[in-house]
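A quick write-up on the structure given underneath.
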Amino acid sequence: MVDVRYQTEFTLYPYQKVTEQDAPAPVRHPVAIIGGGPVGMGMALDLGLKNIPCVVLDDHDGVGTGSRAICFAKRTLEICDRLGACDPMVDKGVIWSVGKVFRENRQIYEFNLLPEDGHKHPAFINLQQPYFEKYLVERIHEVQARGTPIEIRGRNRVQALEIRDDHAALAIDTPDGPYEMEADWLIACDGARSAIRGLMGLSFEGRVFEDNFLICDVRMKADFPTERRFWFNPPFNPGQSVLLHKQPDDIWRIDFQLGRDIDRQAVVRPGFYEPRVNAMLEGVKWTPEWVSVYTFQCASMEKYRHGRVFFAGDSAHQVSPFGARGCNGGMQDVDNLAWKLALVIEGKAGDALLDSYHTERKHGAEENIMNSSRTTDFMTPRTGIAKLFRESVLDLVEHTPAMRPLVNSGRLSVPCTYDGSPLNGPDAPGLPRRTRPGSTLADAPVEGGWLIDRTGGTFRLLAIGCAAETVEANGITARVLDVAATDVIRSRYLGRARQAIYLIRPDQIIAARWTGFDADAVASAIKHATAG
Amino acid sequence: MTGLSDTPNIADADGFYQELLSAHENLSEAESHALNARLVLVLCNHVGDRKVIREALELAKRAG
């Protein structure tokens, strides 16, 4: 039996029996991905598009119902764009970049997450997670039709797992009974309560926050501007905070902070939330779409790679929701792992490259956990003195802009820079800090489109204001993209230099840079970036 | 520049804030008061300029 753990919003991959289930011996697959959430589906798409056959095993047959992630960051959109799934997301999503912070009824602070021009994608879109997943799966169906080797198996639940020398052996349950499967590589994308992590007996340690939050997704027609609004101590939720976000389909997310000791049954009743929502919306007509209480924790596995098994997304690391660093962080795991695993499977890189997945993404997860924990500590001061400092910051910020950086209502997801990564190659003095090795490519308009569209998927060489030639090393090719030194390119890539060469990884991370072209230096940087 | 600065001036503001709160970790209320008082005195000495200190005092009083 495969139990149904939750309701699905969209049925996308109904269970179908495959011949493999009756095979006399287990069939071996190059890659098995466990979990069909955004990270699992993104991983399948990224690997499949690199022509690496993979099979996704999900114990449901579609996308779960209810409110989960809603804020998708620019970097996630860039990754999805590379995978060909971005357009419907941006079409459906609500684009925003401005956040406003209020204390009681007074606006004390406003910020813009994308204060500069010259980027293809917006700072953020808000989109209900079920749509995000649906568009990824629809993209998978589209590429499957032209032969991309991705298979999705709905209502296939992993019951047991054995790690052997050169593969993982899986026992799987289905509505037609159990079967066995083998996989050279296993990627666990099965969420914060990862069954794979449990089957392997691995720990997931961190910090539980003792606060409760009430999500009210409400449907209403309102002409509030499209911006993130955050209140400290508003009259409609005294002593606590409130967050408001617009979503597609006239749905608005309201997040009420509740405090520590609450009656979880009472707060989801209309008698509790209706007066609060009414007071907040001041006469606007609304209907409830989804109401639930949540608490959260920050936690991380010690290692994200265990031999032939990788953990990605919430199975590896979990953050508090403030800052939208959960799903966005998970998509960066996809971005980081897929090209490395593909190169190893193709025999173009050694096994050690895969260790850098752990090194780099643990660095990213720690930054995400640090940021979301600091936000939580500001919103929910743990001690009297912490509360005193928080209130003092808010008192002062109404009188001086000097205190603005200390107001923390969420530090919204931006990709980390892999400073100190073993894959980073040479840097050249004098070039801008924001594009140093380990940084994510900074988008910019280039002739005929966007830099972000002209890179990714393979190694590329940006030749800015000088000539370069295609470089090959270990069977890996970096073709040249000639980039004119416009003002935007100058400020993001040249600084005071007249010319520069940038080596860009398949995940659009800057691997190395120079102020002149030297084929041998580039070849050695490619080897370094794929050696681990 | 003269007078009290009105512009953000602390590098890695979130890191600073965490460090400040960490210094108070496990202190009693009286100990926290005393720590804050010592900190004010040390920082005022660092600033030195009486005009700036007076403006800071006025701002802190006004904002309360």
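The shown structure was predicted, so the numbers you read here are calculated from the model rather than taken from an experiment. Labels below follow one simple rule: chain letters A, B, ... track the order of the sequence lines, proteins then strands, and each chain is numbered from 1.
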- Item | Contacting moiety of B:Leu20, where chain A heavy atoms sit under 4.5 Å | side chain
- Message: So, taking the atom named CD1 in B:Ile10 and the one named CG in A:Leu406, what distance separates them when rounded to the nearest 0.5 Å?
- Response: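 It comes to 5.0 Å.
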- Message: I'd like to check the side chain to side chain contact (heavy atoms under 4.5 Å, CB included) partners of B:Val52; sequence neighbours left out, ordered by chain and number.
- Response: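 In terms of side chain to side chain contact (heavy atoms under 4.5 Å, CB included), with neighbours along the sequence ignored, B:Val52 is linked to B:Leu4, B:Val47, B:Asp49.
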- Tell me, side chain or backbone of A:Val397 under 4.5 Å from chain B's heavy atoms, or both, or neither? neither
Chain B and chain A: which donor-acceptor pairs fall below 3.5 Å?
from    : atom 1 : to       : atom 2 : distance (Å)
B:Asp6  : O      : A:Ala402 : N      : 3.3
B:Asp6  : OD1    : A:Thr400 : OG1    : 2.7
B:Asp14 : OD1    : A:Arg411 : NE     : 3.3
B:Asp14 : OD1    : A:Arg411 : NH2    : 2.7
B:Asp14 : OD2    : A:Arg411 : NE     : 2.5
B:Tyr17 : OH     : A:Arg390 : N      : 3.2
B:Gln18 : OE1    : A:Arg374 : NE     : 2.7
B:Gln18 : OE1    : A:Arg374 : NH2    : 2.8

- Item | Exercise: identify the closest heavy-atom pair between A:Leu396 and B:Ala63 |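 Nearest pair, atom of A:Leu396 first, then B:Ala63: CD2-CB, 3.8 Å.
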